[in-house]
Amino acid sequence: MKTECIYVDENRRERILYIDELVTIEYDHDEIHYMNNDSRLFREVRRASRERRLFCTCGCRSNLQLVAGDRSITTRRFFRNYTDFANANCCYDESPLTQRSKILLRAWLNRTLRRDLLSDIPIAEIDKGNRRYELTYYAQECDFGLVYANEAKNIPFEKIQELDEYREMHLLYISDIHNLLQGGQLPVHQIDMQDKQGYCLFLKIADPEKETYPLSDATLVCTYYIREYIDHGIWIGLPVLENGITAFSISPQGALCYKDEPVNTFTAAVKEQYVTRLRARLQQETLHETANSAAVSPPGQSGYNDAAGSHRTDSAAEQPAADCRGRNALKSTVKRIIEKRLEKYSDIVFEVDTGWLEETMIDNNRCIVLDLDGIDAQNAGILSQMQLYTGARKSITRIGQRIIFAGYD
C-alpha cells in the first residue's frame, strides 16, 4: 500500500500525487469521504492508472495502479504495484495506520485552519532554496506546518534544526502513539522535539483497518518528559492531555490549543506540580541523611570542623581586601557557569554553594577546583553530569573526582 505516487498528466508533466488529495470532509456524521467518482481529478487519475502513468516515488520507477471501489463513499483507496510489473527491488510501502493517520490529520487541519493545505511541501518550494526536508502539511496563508512521522526517529535532529531556521513558520511535530515512553532513556530526537515545542505529541488511531474514517477515532496525547532521578539520568513521562483530536485546535498565532487554551499552559502547570513535589521529596531525603550523619558522627567531630572553619576564617582575614574580593568574584563567576550548564539537565533550580569551590594555581593560572569527594553524594551526583568544555582560553576539565575551571578569571 502506498499513499503517494508520481503522476504524469496528459502533457507529460510530472508531480507527486497524494491519496488524501482525493478526500473531502462531511462533518454532519463526523466522517471523511472520498470525492465522487465522477470528479474530474478522479477520472484523470483513474485513466492515468490504466495507461501506466503512475509511478512509485522511491525511484524504482515501477508502475502503480489506483485501487478504489465503485462507491463514491468508499475509503479503500491507495496506490499499489501492478502485479505483473511489481519491482522486486521496491521495498517502499506504507501501512494502513500511516495512511489513516495522514488522512485524519489532514481532515483535522482542514477543519481547524479552514485553509487549503499542501501535502509534503518541500522547504525549497517555500523559500526557493536547496533544502531537501519536507513538511507533511503546510498552510501557506497562516504559515503553519505539521511534521508527522509514524516513527519518531524519522524526524531527525538535522530536520528539526533546519526547519528551525524558519522562525516565522509555526511548526507542530507529531509521531505515532507507539513512540510514547513511560520512563527510561529518552531518545535524542524526542528531546529535540520537546525542546522546540515544549512537549511531545502523539497520535493514537483506533482500528487502522476500519472501513470508515470518523475524526472521533483520532486521539492526541500530550506528554512532558522530565528527569526523575537527576544523578541517574532517568526520564519519566508526565501525562498532560489526552482527548479526541477535535478537542484540539490551532490558534491564529499557530499555537496548539486545547479547548481554546494553549497546550503550553497545561504543560507548565503539570511541570510545576511535579517540580514542587520533587523538591519537597529531595528536601526530606537531605534532612533524613543529615539526621543519620549526626547520629553516627564520632565524639569531637563537630569541634574539629569548627576549629578548621575558624582557621580558614583567620587565614582569609589576613589576605588583602582586594585579593579577597577578586577571589569571591572568580568563585561567583564559576558558580553562575555551573548553574547555567546544569539547566540543560533538569528543570529544577540548582544552587551551587561557593563553599564547594576552592581557588588554586595550575601552571601559573588561577583556577577553581570543585572536589566532588568533598560534598554530599546527592549533590556530587548532580554536578558529575555537568558538560565539560575545552576551548582556546577557557576549559572545564575533570581529573578523577576533581572538576577544574580554568581561564575564567
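FYI, the numbering just counts along the sequence from 1.
The aromatic rings of Y258 and F248 are tilted relative to each other, their planes meeting at an angle between 30° and 60°.
The environment of CG in D363 is sparse: at most 12 heavy-atom neighbours from other residues, nucleotides or ligands sit within 6.0 Å. Annotation for E51: atom CD counts as buried by contact number, over 12 foreign heavy atoms lying within 6.0 Å. In this structure, I362 places its CD1 atom where more than 12 heavy-atom neighbours from other residues, nucleotides or ligands lie under 6.0 Å away. Counting non-hydrogen atoms of neighbouring residues, nucleotides and ligands closer than 6.0 angstrom, the CG atom of D373 exceeds 12 such neighbours. With a 6.0 Å radius and a threshold of 12 heavy atoms from other residues, nucleotides or ligands, R12 has its CZ atom at or below the threshold.
Within the 4.5 Å cutoff, no side-chain heavy atoms of V147 are placed close to those of I174. N150 places a side-chain heavy atom less than 4.5 Å from the side chain of H178.
Side-chain N or O atoms of T267 include one that pairs as donor or acceptor with a backbone N or O of V263 at under 3.5 Å. Side-chain atoms of Q197 come within 3.5 Å of backbone atoms of Y199 as a donor-acceptor pair (strictly under, hydrogens ignored). Checked by atom type and distance alone, the side chain of T112 never pairs as donor or acceptor with a backbone atom of W108 at under 3.5 Å.
Of the charged side-chain nitrogens involved, none lies within less than 4.0 Å of a carboxylate oxygen, so that E359 and K331 do not count as a salt-bridged pair.
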| task | Could you please spell out the steps behind the salt bridge (charged side-chain N to carboxylate O under 4.0 Å, His left out) verdict for D9 and R15? | result | CA-CA 8 Å; D9 65 18; R15 77 175 181 94; over 6 Å; no
